[in-house]
There are 2 protein chains.
Amino acid sequence: MSTPEIQVDEKGKLKCCLEDTLSVIGGKWKLVILWHLGKEGIHRYNELRRLMPGITHKMLSQKLKELEADGLINRKQYNEVPPKVEYSLTKKGYSVMPILDTMHKWGRENE
Amino acid sequence: MSTPEIQVDEKGKLKCCLEDTLSVIGGKWKLVILWHLGKEGIHRYNELRRLMPGITHKMLSQKLKELEADGLINRKQYNEVPPKVEYSLTKKGYSVMPILDTMHKWGRENE
DNA sequence: CGGGATCCAAAACGATACTG
DNA sequence: CAGTATCGTTTTGGATCCCG
């Protein structure tokens, strides 16, 4: 009665929504990647590495691939030597920014 | 320049906020537990189990403990036989509901 | 009824080396 | 420069049994 706009009791619909969301932006690094691309714009691969000291090579490329597969980021490759690749948010990627803002705000206010 | 109210470039402050938040509400079950308690109110231990078919004994008690340790839920024990324990959200617990709403909304709108 | 303890499987994460 | 491949570690989740 308190949340008329959200119907969730139809067998697991709630869990699916929340878990789907977590599967897309959960984990240790995805939110940080999305944040940098969302707030600062386009970044190259090694720029992202520098912005996230602590992330490993493997994690960065893996998470970038997953985010691209989920349609949250664009990967633009220039066929030059040396290689050059630019990452940016898609429209869908920008749609998660409200979640980021809400979480970031909560994190600041609660220790 | 686009987000004057949020300063994050002071070495890892951003990551900390987001990661702290994820450490508190991340994982497979915490959000669902918080949702039930937030939207439906007080629940007993076995009520929560029935509301979350699929969760194991261990996970439920473990996550309830973590949520309690983080100050998001209250645990009220009645010294009766048989035992009776009620869980509910704290004020801090309710403060995460905006995150849940935002994520749930996103999950519904994006497949 | 509401857990705790133990053991095990699976997934996430990390270090390092190699490549076009 | 921008990755991939392999291996090992750490974290997370699950099955089962026990307890007051």
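Each chain gets a letter, A, B and so on, in the order its sequence line appears, and its residues count up from 1. Because the structure is a prediction, the values reported are computed rather than measured.
- Residue order along DNA chain D, read from the 5' end via each residue's closest nucleotide, puts A:Val85 first among B:Lys28 and A:Val85.
- Applying the 4.0 Å criterion to OP1 and OP2 of D:dC1, one finds that A:Tyr87 has every side-chain N and O outside that range.
- For the pair B:Arg44 and C:dC1, the criterion of a side-chain N or O lying under 4.0 Å from OP1 or OP2 is not met.
- Using a 4.0 Å heavy-atom distance criterion, A:Tyr78 is classed as making no nucleic acid contact.
- The nearest whole Å value for the distance from the CD atom in B:Gln77 to the C1' atom in C:dG4 is 14 Å.
- By the 4.5 Å heavy-atom criterion applied to side chains, A:Ile25 and A:Leu100 are not counted as neighbours.
- Across the protein-nucleic acid pair, B:Glu19 atom CD and D:dT11 atom P stand 14 Å apart, rounded to whole Å.
- Of the residues in residues 45-67 of chain A, those with a non-hydrogen atom less than 4.0 angstrom from any atom of DNA chain D are A:Tyr45, A:Asn46, A:His57, A:Lys58, A:Ser61, A:Lys65.
- The distance from the OG atom of B:Ser23 to the NZ atom of A:Lys28 is 11.5 Å, given to the nearest 0.5 Å.
- The shortest distance between the side-chain N/O atoms of B:Arg75 and the OP1/OP2 oxygens of C:dG2 is not below 4.0 Å.
- Between the P atom of D:dA2 and the NZ atom of A:Lys76 lies a distance of 14 Å, rounded to the nearest Å.
- The side-chain heavy atoms of A:Leu31 and A:Met103, taken from C-beta on, include a pair separated by under 4.5 Å.
- Annotation: the terminal axes of the helix from C:dC1-D:dG20 to C:dG20-D:dC1 meet at 40°, where each axis is the rotation carrying the C1' atoms of four end pairs onto the next four (5 pairs per end, rounded to 10°).
- Judged by distance alone, the side chains of A:Tyr87 and A:His36 never bring a donor and an acceptor atom under 3.5 Å apart.
- Between the B:Lys92 side chain and the B:Asp70 main chain, a donor and an acceptor come within less than 3.5 Å of each other.
- Taking each heavy atom of B:Thr90 and B:Ile73 in turn, the nearest pair found is CG2-C, 3.5 Å.
- In this structure, A:Glu47 contributes its side chain and A:Arg44 its backbone to a donor-acceptor pair below 3.5 Å.
- Ranked by how close their nearest DNA chain C nucleotide is to the 5' end, A:Trp29 and A:Pro83 are led by A:Trp29.
- Nearest approach of A:Arg108 to B:Cys17, heavy atoms of both residues: CG-SG, 3.4 Å.
- Between A:Glu86 and A:Asn74 there is no side-chain heavy-atom pair separated by less than 4.5 Å.
- The distance from atom CD of A:Glu86 to atom C1' of D:dC1 is 13 Å, rounded to the nearest whole Å.
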